[in-house]
There are 2 protein chains.
Amino acid sequence: MAQNQVKIFDSTLRDGAQGQGISFSLEDKIKIVKALDEMQVDYIEAGNPGSNPKDMEFFKRLKDVHLENSSVVAFGSTRKSKINVEGDKNLKDLLSSEASTIVIFGKSWDFQVTDIIKTSLDENLNMIKDTIEYLCKNEREVIFDAEHFYDGYKANKEYAMATLRAAEEAGAQVIVLCDTNGGTLPQEIYDITRTVKTQVSIDVGIHSHDDMGMAVANSIMAVQAGAAQVQGTFIGIGERCGNANLSVIIPILKLKLGYEILNNIELTNLTKTSRYIAEICNMTLADENPFVGNSAFAHKGGMHIDAVTKAPKSYEHIEPELVGNKRRFLVSEVSGKSTILQEIKKVFPNISKDDNSVQKITDRLKELEYEGYQFEGAEGTVELVIRKIIGKYKPFFKLNHFKIIGEQPYGLEEFSSTAVINITVDGKNEMTAAEGEGPVNALDRAIRKALEVFYPELKQARLVDYKVRVLDSENATEAKVRVLIESTDGVESWSTVGVSRDVIQASWIALVDSIEYKLIKDIERKVKAYF
Amino acid sequence: MAQNQVKIFDSTLRDGAQGQGISFSLEDKIKIVKALDEMQVDYIEAGNPGSNPKDMEFFKRLKDVHLENSSVVAFGSTRKSKINVEGDKNLKDLLSSEASTIVIFGKSWDFQVTDIIKTSLDENLNMIKDTIEYLCKNEREVIFDAEHFYDGYKANKEYAMATLRAAEEAGAQVIVLCDTNGGTLPQEIYDITRTVKTQVSIDVGIHSHDDMGMAVANSIMAVQAGAAQVQGTFIGIGERCGNANLSVIIPILKLKLGYEILNNIELTNLTKTSRYIAEICNMTLADENPFVGNSAFAHKGGMHIDAVTKAPKSYEHIEPELVGNKRRFLVSEVSGKSTILQEIKKVFPNISKDDNSVQKITDRLKELEYEGYQFEGAEGTVELVIRKIIGKYKPFFKLNHFKIIGEQPYGLEEFSSTAVINITVDGKNEMTAAEGEGPVNALDRAIRKALEVFYPELKQARLVDYKVRVLDSENATEAKVRVLIESTDGVESWSTVGVSRDVIQASWIALVDSIEYKLIKDIERKVKAYF
């Protein structure tokens, strides 16, 4: 392969699925395959058809999915010891999957051969050889995953190399060195990979694990030592501490090491794709994830914010836009008045930095933060705090009363929730009720129903995200709760936050802010249109 | 310093505090300092007294805190340009803090000097020299943090080295090379650190950031290149993607590289300390954190579980107990019947693996997982599922009815929650009501009140943790919610889980399981005592 080429191999659907809490439906898997294909991933390891009938079903489904860029890969073990390849059910399944590329994993660590699969060192070499020859004869591209390679090499170098030679001679196109236990240091990875590269003539790949927090570094070191394939999972999920995180490795390879693994446009989809895949995995991408996390380019220290405003490279190693992310300035007690001033200017561009409301707003935000509010990612609420202190705010309605009834009725299995609400707008009273999936949903429906009588434009607004964070969980059911709500009206998205010991009260606070923010934005748009 | 010594420098309270969502009270900081001292951290960077009056107050408080192992460090900038050291308020504050060690950070990247702080290259060298001389004259140990060193070295090697020489000549005891933007590759870190080491005679340190997911690897490479101090934050918090994670670096240095940075006993406190510090930071430690995460030694793949049962080193790079963590086997669709059999044997040791209940339990758990349940970390619920299928279960009560009323009353600001409940135990009916901080708390109190009439032993049980996870948040307030409850009775702790679109219903399910689990355990203890 050309010097500046590295192939990206994603195992989200196989190794990734072995991470805690990960469980994919068939539809989930199809979505992930399509997303990976769009990101120009070279190989998608789609499952282990021999060990899991659901995986076999998925391979059949995949034949109807058109992929532009990716090859679908089936994963499986070398034949069982003392069994003929034709008699091995697992290999039969691998072939039935009709995947054009097959990854065969085999033991490269003598201890694993003798103590775990309990066979002889020679038989293991035959298992590798027979299996790969058999699959090559059946016209498959075969990649050999040398399991526990680095531990094996350190324990018994000759044997580890013998397993690679067996695979190469049998026709494997790529040999992937696996740091299966994740315990190998970067320099060791470099040295051993480099040595292997001088002793085989086919491509070498790397498959690292994050047990020492160095899977990304190990993958990079291996590439610098000559590896031409990197195996990992798109957002780093996998057994124990996870696999090498491809959403981190891809931009490093392209932007720092000059590998043309995908073009600039696709790279700008990196953040969006990572978040999309995280959602399918039923996870929230950690804010601090490199490149794609919400906070990867979020600056809080006052000095950092000043510097980045002058020159982004002063505290950013790349421009966030290259990977589809955004710079953010966090409002907090260390961000200083200049950050808060910038937030205020978004609403009131002409405010002077000496205006005494700047200090009042800063104090009020800190006070709320102390109570548990977090304004990072809740710009809707921040704007309302600013407006309320500056005096550019008038309530859109007066809440007279609400009552929520959650009931497990006599004799019935079903739980029901009802909310009753009574409000006043401009002297006119409106009372209504709504049912819901739970108390918060009932309340949400009831307040909208009541307000839409006066503000029909609210019909365009809907909630798209609802998050609950227990702040002091050791207080158990008495704990303070922070609710974060994201809303959209098709034109704009905004987030609001509420805090209380009562999840309904916290949700109410965030809901009201969300509704009032929408109504204010509508007025703003009219002002822009007519004035 | 001796070849096998590396000093650990923690900046949780300074650099860490610049991470999103981090906000420490004075008491929080004291707790963290004591925890770090117990972990034998050499230096604790406690704040920036010159820029923050709360930090100054903290330094004063610290004088009354007795520390066994750690030196308290104050952090601050070189003097401002064109100002005399005696006239620099910040330096005055650094001295008033009475910290015996001071970290001075200065610019080592020519671009930062000219474009950000806007002074001349020579004046910057004077700023470094004057500041450090002044502090040394005042009998402080001075550590010089060369900010942006690696970027500076790559842009203008001579100038970057000149800044280090200025610091060394002025009396600094350690020079710390900072990868402030987090964009330097491991091999570059190694090469540059090695070169610096040959050109200075004082100790060299490393301060890396995680913007490319390589802060740990970069710290390790720097140590291998001769660095004798590693700066980071205990659980990796910090600006943007965070600082180097010391809870990962410490075990690598000790267990993989043989540095005697703390003794074996303290190492076993690593996991506990990380979780403690995470709680103070109001964060949950990610399960997949290396060494200390809940899942660091959690095995899910059936083959992995089989292998680890035979020989832990087959899929673990170290023994979890060394760092105070535990091995776990996850019950899931890929763990196979053998794992579930092990779970069943915890309850019914004599069960045969061919018993048909094994398959039924496996199916039921998968069915519940599909609905959103997660049994990893909810062993209480798993036991109840097992008992219900095997037939070793009888309900402790019958729920006839409950009603929850959450109310924002007319004219009052206060929200109130009341739960009314009606149950039957052995033909006897009990109805009661309770108020609470919110609907779930009200329900929790009501059910306990009702049941304690029949089962007074429930008085010993209390909830210690309550977590809510929104599963499909894009369904907003209609989203499915998973509630995880941890309970204790002083003897044992157990966790239970509930899933529903209604947070009250989900909490109810988890609460009932929690109560019944406790009652079953009490019977078990009596059986052990008398039979």
Side-chain angles (χ1 to χ4, degrees), chain A residues 18 20-21 23 115-116 181-183 186 211-214 216-217 240-242 248 252 287-288 290 295-296 298 300-301 307 311 314 317 330 374 376 400-408 410 415 437-438 440-441 444 463-468 470 473-474 476-479 501-505, chain B residues 18 20-21 115-116 181-183 186 211-214 216-217 240-242 248 252 287-288 290 295-296 298 300-301 307 311 314 317 330 369 374 376 400-408 410 415 437-438 440-441 444 463-468 470 473-474 476-479 501-505:
Chain A
Q18 283 166 223
Q20 173 169 338
S23 175
D115 287 41
I116 303 298
N181 287 3
D211 297 76
M212 299 203 296
M214 302 201 280
V216 167
R240 305 182 312 271
C241 304
V248 182
I252 293 174
D287 285 338
E288 61 274 6
S295 297
K300 184 162 150 184
S314 58
H317 71 113
L330 306 180
Q374 232 180 69
E376 301 144 356
N400 298 317
H401 172 243
F402 74 68
K403 181 180 287 191
I404 293 169
I405 303 146
E407 197 161 13
Q408 177 92 42
Y410 285 99
F415 190 75
E437 291 285 354
V440 176
N441 183 232
D444 178 27
L463 297 198
V464 292
D465 204 352
Y466 176 77
K467 289 191 170 84
V468 177
V470 176
S473 62
E474 69 279 4
T477 55
E478 291 177 39
R501 294 206 175 282
D502 180 335
V503 66
I504 296 176
Q505 179 78 328
Chain B
Q18 283 165 224
Q20 173 168 341
D115 287 40
I116 303 300
N181 287 2
D211 297 75
M212 298 204 297
M214 303 202 280
V216 168
R240 303 182 313 270
C241 304
V248 181
I252 293 174
D287 286 339
E288 61 275 5
S295 298
K300 185 162 148 183
S314 57
H317 71 114
L330 306 180
E369 266 192 339
Q374 232 180 69
E376 301 143 358
N400 298 316
H401 173 242
F402 74 67
K403 181 181 288 192
I404 293 169
I405 303 145
E407 196 162 11
Q408 179 91 41
Y410 286 98
F415 190 75
E437 290 285 354
V440 174
N441 183 232
D444 177 26
L463 297 199
V464 292
D465 204 354
Y466 175 77
K467 289 190 169 86
V468 176
V470 176
S473 63
E474 67 281 5
T477 55
E478 290 175 41
R501 294 204 175 282
D502 181 333
V503 66
I504 297 177
Q505 179 79 326

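Here is the naming used below: chain letters follow the sequence lines, and residue numbers restart at 1 for every chain.
Only the backbone of Asp115(B) has a heavy atom closer than 4.5 Å to any heavy atom of chain A.
Here Ile252(A) is the residue among Ile252(A), Val503(A), Val440(A) with the most heavy-atom pairs under 4.5 Å with chain B. Options Pro290(B), Ala298(B), Ala307(B) differ in how many heavy-atom pairs under 4.5 Å they form with chain A, and the most are formed by Pro290(B). Note on Glu407(A), Glu288(A), Arg240(A), Glu437(A): by heavy-atom pairs under 4.5 Å with chain B, the leading option is Arg240(A). The candidate from Val216(A), Asp444(A), Ile116(A) with the greatest count of non-hydrogen atom pairs under 4.5 Å with chain B is Ile116(A). Note: Ser295(A) leads Gly242(A), Ser295(A), Ala217(A), Gly182(A) in heavy-atom pairs under 4.5 Å with chain B.
In this structure, Asp287(B) has no side-chain hydrogen bond (donor to acceptor under 3.5 Å, both in side chains) partners at least two apart in sequence or on a different chain.
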